[in-house]
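Everything numeric in this text was worked out from a predicted model, so none of it was measured.
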Amino acid sequence: MSRYLFSNFKSCEFQALYEEISKVFDIKQEELNNLYQVMREEFEVEGYPEHTINRNIFRSGDPNFQKLYDEALIIGIDIPSILELDNGVSDKKTVVILGQDPRRRSNKRREEIVIGTPYAMHLKNCREKLRNTRLYFDLIQVLLEEGYRVYLTDVFKIWVSEPNNGYRSIGVSEKDCDRSIKILQDELNIFEPIALITWGKKANETANNLGLKIKHLPFPHPSGAANGTWRKLLGKTPTRENKVNFWKQTVIGYLNDKKL
C-alpha cells in the first residue's frame with residue numbers, strides 16, 4: 001500500500017482545475033477524472049503503463065501553429081498532479097513546483113499522444129528507478145516528509161516537436177503562450193500555495209513576470225543537463241546527494257524560518 005496520495009484533489013479543486021484544463025484541451029470532465037483515477041490505481045504498479053489520447057485533443061489559437069502541431073513527429077502532454085503523504089492530515093499547506101513543458105523524445109512519428117504528468121511522478125519506476133526522475137522524486141519527497149502537499153505543473157501544457165526531428169521542439173505560438181500563462185495564474189489561485197519553486201530558466205522567467213505575492217524560489221533544473229549551473233551554486237560536485245542536501249537546507253530552511 002502506498003504511503004502517498006496521488007492527485008487526491010478536493011472536489012472544488014478538481015472542478016476548478018478541469019475548467020482551466022478544458023481551455024487548452026478538448027476533454028470531458030469524466031474523461032479527465034477517469035484518467036486521474038487510473039493513474040491512482042497504477043501508482044504502485046511496476047513498469048511504464050502508457051495512456052494515449054488522440055491528437056485532436058488540442059486546438060491552437062494560431063492556424064499556423066496548428067499546422068506545425070499536426071505535422072509534428074511527436075507531441076507531449078502532461079496533466080498537473082498533486083502529491084502528499086497519506087497520513088490523515090487534511091489541511092496541509094501547498095507548495096508548487098513549476099517546470100517548463102512536457103518534453104518527449106522519439107525517432108519516429110507517434111500518431112497518438114502519450115499523456116503523463118510533470119516529471120512522470122505517477123509512475124513507480126520513474127520515482128524509484130530511472131536516474132533523473134528518481135532524483136526529482138527525492139527532492140519532492142523532502143517536501144512531502146515535511147508535511148506539505150506538492151502541486152506539479154508546467155508553464156506550457158504541450159510540447160511539440162519538429163516535423164522531422166522528434167528530439168527538438170518548435171516552441172508554442174505567442175497566442176498559445178499567452179493562454180498558457182493565464183491558465184497558470186488561475187492554477188495558482190486554485191491551490192493557493194505558500195511558495196512557488198521553479199525548475200529551470202524558462203519557468204523562473206515566467207514566474208518573475210507574474211507579479212506573484214507569494215515567495216518564489218528559483219532553482220536550476222535537477223537534470224544532469226544543468227550540472228554546470230548546479231556546480232556553481234553548490235561550490236562542489238553536483239552529485240545526487242549534494243543536490244538533495246542543498247535543496248533540503250535551502251527550501252525547508254526558508255519555509256520553516258518564515259513560518260509560512
Side-chain angles (χ1 to χ4, degrees), residues 1-9 13 17 36 39-40 42-45 48 78-87 89 91-103 116-155 157 184 187-188 190-200 202-204 207 214-227 229-230 233-234 238-256 260:
M1 190 171 181
S2 179
R3 296 180 59 224
Y4 307 99
L5 295 173
F6 171 78
S7 292
N8 189 40
F9 299 109
E13 291 174 340
L17 180 60
Y36 278 119
M39 289 180 174
R40 289 185 201 107
E42 295 175 345
F43 193 72
E44 294 296 345
V45 173
Y48 304 92
D78 282 347
I79 54 175
S81 64
I82 196 162
L83 285 168
E84 61 183 290
L85 286 182
D86 185 7
N87 59 2
V89 178
D91 60 349
K92 301 181 187 78
K93 294 177 180 177
T94 301
V95 174
V96 172
I97 295 180
L98 177 66
Q100 180 173 324
D101 54 33
R103 183 174 181 178
T117 62
Y119 311 107
M121 292 294 97
H122 65 294
L123 296 174
K124 181 180 177 67
N125 279 30
C126 288
R127 297 192 307 274
E128 299 179 4
K129 295 183 178 181
L130 282 186
R131 185 176 179 181
N132 266 359
T133 50
R134 186 163 57 97
L135 171 59
Y136 306 156
F137 186 61
D138 286 344
L139 300 178
I140 293 166
Q141 198 171 26
V142 168
L143 291 164
L144 300 177
E145 296 292 344
E146 286 290 319
Y148 296 102
R149 299 171 89 202
V150 180
Y151 181 74
L152 302 160
T153 193
D154 290 314
V155 174
K157 300 298 184 280
L184 173 60
E187 283 181 85
L188 297 179
I190 292 168
F191 293 94
E192 299 181 332
I194 60 168
L196 172 70
I197 300 170
T198 50
W199 281 353
K202 184 62 181 180
N204 177 32
I214 58 173
K215 180 63 177 179
H216 165 214
L217 301 172
F219 275 84
H221 198 282
S223 74
N227 272 349
T229 305
W230 274 99
L233 184 64
L234 299 174
T239 63
R240 179 181 171 207
E241 181 181 8
N242 286 341
K243 287 180 181 178
V244 173
N245 286 340
F246 178 81
W247 166 270
K248 186 170 186 177
Q249 292 168 6
T250 306
V251 176
I252 299 304
Y254 175 81
L255 295 177
N256 288 344
L260 295 177

*Between Phe191 and Phe9, how do the two ring planes meet: parallel, tilted or perpendicular, split at 30° and 60°?*
tilted
*Can you name the nearest heavy-atom pair linking Trp199 to Pro220, along with the distance?*
CD1-O, 4.2 Å
*Side chains of Thr133 and Lys129: donor-acceptor distance under 3.5 Å anywhere?*
no
*Ion pair Glu145/Lys248, N-O distance below 4.0 Å*: no
*Between Val155 and Asp101, is any pair of side-chain heavy atoms under 4.5 Å apart?*
no
*Do Phe6 and Leu83 come within less than 4.5 Å of each other through their side chains, counting heavy atoms only?*
yes
*Give, for atom NZ of Lys202 and atom CG of Asp154, the distance between the pair rounded to the nearest 0.5 Å.*
13.0 Å
*For the residue pair Tyr4 and Phe137, categorise the inter-ring angle as parallel (less than 30°), tilted (30 to 60°) or perpendicular (more than 60°).*
perpendicular
*Would you say Pro80 and Glu187 make side-chain contact, with heavy atoms under 4.5 Å?*
yes
_Would you say that Asn125 contacts Leu130 through its side chain, given a criterion of any heavy-atom pair below 4.5 Å between the two side chains?_
no
*Which atom names give the shortest non-hydrogen contact between Phe43 and Lys124, and what distance separates them?*
O-CB, 3.6 Å
_Using the rule given for side-chain contact (heavy atoms from CB on, under 4.5 Å), can you reason through Glu192 versus Glu13, listing the C-alpha separation, both sets of side-chain angles and the distance that settles it, and then say yes or no?_
CA-CA 10 Å; Glu192 299 181 332; Glu13 291 174 340; over 6 Å; no
*Is a side-chain donor or acceptor of Arg149 paired with a backbone partner of Glu84 at a separation under 3.5 angstrom?*
no
*Closest heavy-atom pair and its distance - Leu152, Tyr119*: CD2-CD1, 4.3 Å
*Donor-acceptor pair, Trp230 side chain versus Ser223 backbone, under 3.5 Å?*
no
*Within a strict 4.5 Å, meaning less than it, do heavy atoms of the Arg134 and Arg240 side chains meet?*
yes
*So, does Lys92 use its side chain to make a donor-acceptor pair with the main chain of Leu85 at under 3.5 Å?*
yes
*asked:* Would you compute the distance between atom OG1 of Thr239 and atom CG of Asn227 and round it to the nearest 0.5 angstrom?
replied: 9.5 Å
_Asp86/Asn8 under side-chain contact (heavy atoms from CB on, under 4.5 Å): CA gap, chis, key distance, verdict_ = CA-CA 10 Å; Asp86 185 7; Asn8 189 40; over 6 Å; no
*Which heavy atom of Asn204 sits nearest a heavy atom of Pro218, and at what distance?*
OD1-CB, 3.4 Å
_The single option from Leu139, Leu143, Leu196 passing side chain to side chain contact (heavy atoms under 4.5 Å, CB included) against Ile97_ = Leu143
*If you round to the nearest 0.5 Å, how far is CG of Leu217 from CG of Leu255?*
7.0 Å
*Rounded to the nearest 0.5 Å, how far does OH of Tyr36 lie from OG1 of Thr117?*
8.5 Å
*Over all atoms of both residues, closest heavy-atom pair of Pro193 and Leu188*: CD-O, 3.2 Å
*Approximate separation, where rounding is to 0.5 Å, of Thr153 OG1 and Leu17 CG*: 8.0 Å
*Side-chain contact, heavy-atom cut-off 4.5 Å: Ile214 with Ile194?*
no
*Answer whether the closest heavy-atom distance between the side chains of Tyr148 and Val251 falls below 4.5 Å.*
no
*Shortest non-hydrogen contact from Val89 to Asp91?*
CG1-OD1, 3.2 Å
*Check ion pair Glu146-Lys93 (N to O, under 4.0 angstrom)*: no
*Check whether any side-chain heavy atom of Leu135 sits under 4.5 Å from a side-chain heavy atom of Val244, and report yes or no.*
yes
*Atom CG of Leu233 and atom NZ of Lys243: how far apart are they, to the nearest 0.5 Å?*
10.5 Å
